[in-house]
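Taking it in order: structure first as structure tokens, then the write-up.
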Amino acid sequence: MDYKKILEDIHQEILPFADKGHQADYIPALAKVDPDQFGMCLMTVSGDTYAYMQADTRFSIQSITKVFALAMCLSLKGEDLWKRVGKEPSGTAFNSLIQLEIEKGIPRNPFINAGAIVLSDILISSLEDPEGEFLHFVRELCGDRTVDFNMEVALSERECGYLNAAIANLLKYHGTIENDIERVLMFYFKMCSVEMSCRELAKAFTAFTNFKPFDYAGFKLSQSRIKRMNAVMQTCGFYDEAGEFSYLVGLPGKSGVGGGIVAIYPMRYAVAVWSPRLNSKGNSVMGMKALELLTTATQESIF
Ligand code: GLN
């Protein structure tokens, strides 16, 4: 498959979408990012890499971080994790409160904010140095020790994070989180603030293609667990647009409001794409389109 040519063609085809959508501005530090950027990187399990445009520019991974947190929590807690958080698609926005109230503080899945706040609580309770171990894990996955939190972004989100604070309060009220709310929120915002490039994300996510046993920084997952993580990405990775992403792209994946999307073609490759302008559901406009064109051109999807 000539991925190099396919990526070049995709970029030409998505140019008409270049000014569609708006970058996230509810996190003030993200509003400063130049919205007119695009990068893409596809990495196969054998390490062949096809990088295009700004594939080496780091950006805020935001909710993509929830996949790393889920992997750590599943490794620590196994199936018991699902007593604290569900694995059903939410059909609601990533920061919705309504369902959480009705369902008495058990988040629908680990990829909406409520679910990831619970993951943050679990990591704080289970690890001596949650920040250090989280970074170590992500650095092992992508093979770069300079990957780090961006504290300006984390603090900027904390300053205006009224909805996430409301979610954390509701979780605490229902006894779903154990630790101090401020501590849990700050850890969650730090995880979201991690900056990585498309190349680093593609490398990190090849670990979730399931082509070899998962064992990074002491966090181990069986191939069966990785398979199930992919199932959760497929059904919940794009919030209330999970159906649309499944329909158009047909791969498990995860998006973030920094404009990044990572998708997995099981046993074969991981692909990361980034462009800051988002649609109304908080997913990158050009990113979604690029991945739709990729699986159309290659006929490589899970369906
Ligand atoms: N940090 C962001 C938030 O909590 C993550 C949201 C996202 O990327 N969808 O709102």
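Note that these values count all heavy atoms, side chains included, but never hydrogens, waters or copies made by symmetry. Sequential numbering from 1 along the given sequence is applied to the chain's residues. Just so you know, ligand 1 is whichever comes first in the structure, and atom 1 is the first atom listed for that ligand.
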query = Could you go step by step and tell me if Glu244 and Asn283 meet the side chain to side chain donor-acceptor pair (under 3.5 Å) rule?
reply = CA-CA 11 Å; Glu244 186 77 355; Asn283 298 318; over 6 Å; no
key: Charged N-O contact under 4.0 Å between Arg183 and Glu131   = yes
inquiry  = Between the side chains of Asp36 and Arg277, is the shortest nitrogen-to-carboxylate-oxygen separation below 4.0 Å, so that they form an ion pair?
reply    = yes
request  = For Ile98, look at atom CD1 and say whether over 12 heavy atoms of other residues, nucleotides or ligands are found less than 6.0 Å away.
outcome  = no
ask   = Counting each atom of ligand 1 from 1 as listed, which ones have a heavy atom of Cys192 under 4.0 Å away?
value = 1 (N)
inquiry  = Any nitrogen or oxygen of Val257, side chain or backbone, less than 3.5 Å from one on ligand 1?
reply    = yes
query = Which residue and non-hydrogen atom of the protein lie closest to atom 6 (C) of ligand 1, and at what distance in Å?
reply = Ser63 OG, 3.1 Å
query = When you check the gap from the basic side-chain N to the acidic O, do Glu140 and Arg145 get nearer than 4.0 Å?
reply = no
task = Just let me know how Leu163 lines up against ligand 1, side chain, backbone, both or neither, with a heavy-atom cut-off below 4.0 Å.
result = neither
ask   = Is Asn164 in polar range of ligand 1, meaning some N or O pair under 3.5 Å apart?
value = yes
request  = For atom 4 (O) of ligand 1, grab the closest protein heavy atom and report residue, atom and distance to one decimal in Å.
outcome  = Tyr188 OH, 2.7 Å
key: Evaluation steps, side-chain contact (heavy atoms from CB on, under 4.5 Å), between Leu171 and Val118   = CA-CA 8 Å; Leu171 290 168; Val118 172; 3.9 Å; yes
message = So for Asn95, does at least one of its heavy atoms come nearer than 4.0 angstrom to any atom of ligand 1?
response = no
request  = Considering only non-hydrogen protein atoms, determine which one is nearest to atom 10 (O) of ligand 1 and report residue, atom name and distance to 0.1 Å.
outcome  = Tyr26 OH, 2.5 Å
message = Assess whether a salt bridge exists between Lys32 and Glu152, defined as any Lys/Arg side-chain N lying under 4.0 Å from an Asp/Glu carboxylate O.
response = yes
message = Show, in sequence, the C-alpha distance, side-chain angles and deciding distance for Asp144 and Arg58, and conclude whether the side-chain contact (heavy atoms from CB on, under 4.5 Å) test is met.
response = CA-CA 12 Å; Asp144 192 307; Arg58 283 187 175 159; 3.4 Å; yes
key: Closest candidate by heavy atom, reference atom 3 (C) of ligand 1, pool Gln62, Lys254, Glu157   = Glu157
inquiry  = Does only the side chain of Tyr239 get under 4.0 Å from ligand 1, or the backbone, or both, or neither? Count heavy atoms.
reply    = side chain
ask   = Which of the atoms of ligand 1 are close to Gly256, meaning less than 4.0 Å from one of its heavy atoms?
value = 8 (O)
